[in-house]
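Presented below is the structure to which this report refers.
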Amino acid sequence: QLQLVESGGGLVQPGGSLRLSCAASGFTLNNYAIGWFRQAPGKEREGVSCIRGTGRSTQYADSVKGRFTISRDNAKNSVYLQMNSLKPEDTAIYYCATYRISTIQHMCVMTLARYESWGQGIQVTVSS
């Protein structure tokens, strides 16, 4: 069984930082890509970042480049999203998700329909 559980969300002031964690169980990250998505009330779910289970290829949405960093720990089967210089517009429910990736695909993608398994999401609120 595949399971993804997010943690580390909460309330933070503008300019502050949070580190989200995604603990995976029931599979190994080696054969998968992992993504972070977010959804604010009344808005569509959007991709934030993704990373392959092997290698160093990463992708970021333009809105978070230079502020967010995605990483993984294969030994712990976990993925992280370090969020710095947070803005009120970063407020959303954040989800981690995964899909099995072919070895001929060199980059992960943030195409919503491609992801196979999802966590339940965790709230991030940036407000003074």
Side-chain angles (χ1 to χ4, degrees):
Q1 55 180 342
L2 306 182
Q3 188 173 19
L4 300 169
V5 180
E6 301 95 336
S7 62
L11 174 65
V12 66
Q13 294 183 341
S17 298
L18 284 174
R19 185 176 186 249
L20 303 182
S21 298
C22 175
S25 61
F27 68 102
T28 176
L29 298 180
N30 292 347
N31 300 318
Y32 290 80
I34 310 93
W36 285 98
F37 295 78
R38 66 186 183 185
Q39 187 168 22
K43 299 183 66 177
E44 296 182 355
R45 191 171 299 184
E46 63 177 354
V48 176
S49 183
C50 67
I51 188 171
R52 291 179 60 101
T54 60
R56 302 182 64 185
S57 178
T58 59
Q59 298 289 320
Y60 295 93
D62 288 341
S63 59
V64 307
K65 285 181 180 178
R67 300 189 298 121
F68 291 10
T69 304
I70 190 170
S71 62
R72 67 175 187 271
D73 186 332
N74 289 85
K76 295 183 178 180
N77 231 38
S78 295
V79 179
Y80 309 97
L81 186 67
Q82 179 67 46
M83 305 185 294
N84 299 327
S85 301
L86 283 162
K87 306 174 181 179
E89 51 262 45
D90 295 317
T91 296
I93 298 175
Y94 283 71
Y95 301 86
C96 64
T98 186
Y99 70 94
R100 183 177 288 272
I101 192 169
S102 170
T103 56
I104 66 174
Q105 293 177 301
H106 301 304
M107 301 173 60
C108 61
V109 298
M110 293 187 288
T111 303
L112 190 65
R114 193 173 298 270
Y115 285 80
E116 302 166 355
S117 300
W118 294 79
Q120 71 270 40
I122 190 165
Q123 180 70 47
V124 172
T125 302
V126 185
S127 176
S128 59

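Please read all numbers here as calculations on a predicted model, not as lab measurements. Throughout, residue positions are numbered sequentially from 1 according to the sequence presented.
A donor-acceptor pair under 3.5 Å is formed between the side chain of Arg72 and the backbone N or O of Gly53. A donor-acceptor contact shorter than 3.5 Å is absent between the side chain of Gln13 and the backbone of Ser128. Within the 3.5 Å criterion, the main-chain N or O of Val109 finds a donor-acceptor partner in the side chain of Tyr99.
Rounding to the nearest 0.5 Å places CG of Asn74 at 8.0 Å from OG1 of Thr54. The line from CZ of Arg38 to SG of Cys96 is 15.5 Å long, rounded to the nearest 0.5 Å. To the nearest 0.5 Å, atom OG1 of residue Thr125 and atom CD1 of residue Ile93 are 9.0 Å apart.
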Checklist entry - Does the pair Thr91 and Gln123 meet the rule for a side chain to side chain contact (heavy atoms under 4.5 Å, CB included), with working shown? => result CA-CA 8 Å; Thr91 296; Gln123 180 70 47; 4.0 Å; yes
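For the side chain to side chain donor-acceptor pair (under 3.5 Å) condition, no pair includes a residue of residues 108-121, sequence neighbours left out.
Ser49 and Met110 get closest at one heavy-atom pair: N-SD, 3.2 Å. In terms of heavy-atom proximity, Met107 sits nearest to Ser57 at CA-OG, 3.7 Å. Shown here for Cys108 and Ala33, the closest heavy-atom pair between the two residues is CB-CB, 3.9 Å. Nearest heavy-atom pair across Ala23 and Ser78 is CA-OG, 3.9 Å.
Side-chain contact between Lys76 and Ser21 is absent, with no heavy-atom pair separated by less than 4.5 Å. Using a 4.5 Å heavy-atom threshold, the side chains of Leu112 and Glu44 count as separate.
Ionic pairing of Lys65 and Asp62 is present here: one or more N-O contacts between side-chain nitrogen and carboxylate oxygen are shorter than 4.0 angstrom.
Clustering of Ile, Leu, Val, Met, Phe, Trp and Tyr side chains at separations under 4.5 Å places Val48 together with Leu2, Leu4, Val12, Leu18, Leu20, Phe27, Leu29, Tyr32, Ile34, Trp36, Ile51, Tyr60, Val64, Phe68, Ile70, Val79, Leu81, Met83, Leu86, Tyr94, Ile122, Val124, Val126.
Summarising the local packing, CD of Glu89 is surrounded by more than 12 heavy atoms from other residues, nucleotides or ligands at distances under 6.0 Å.
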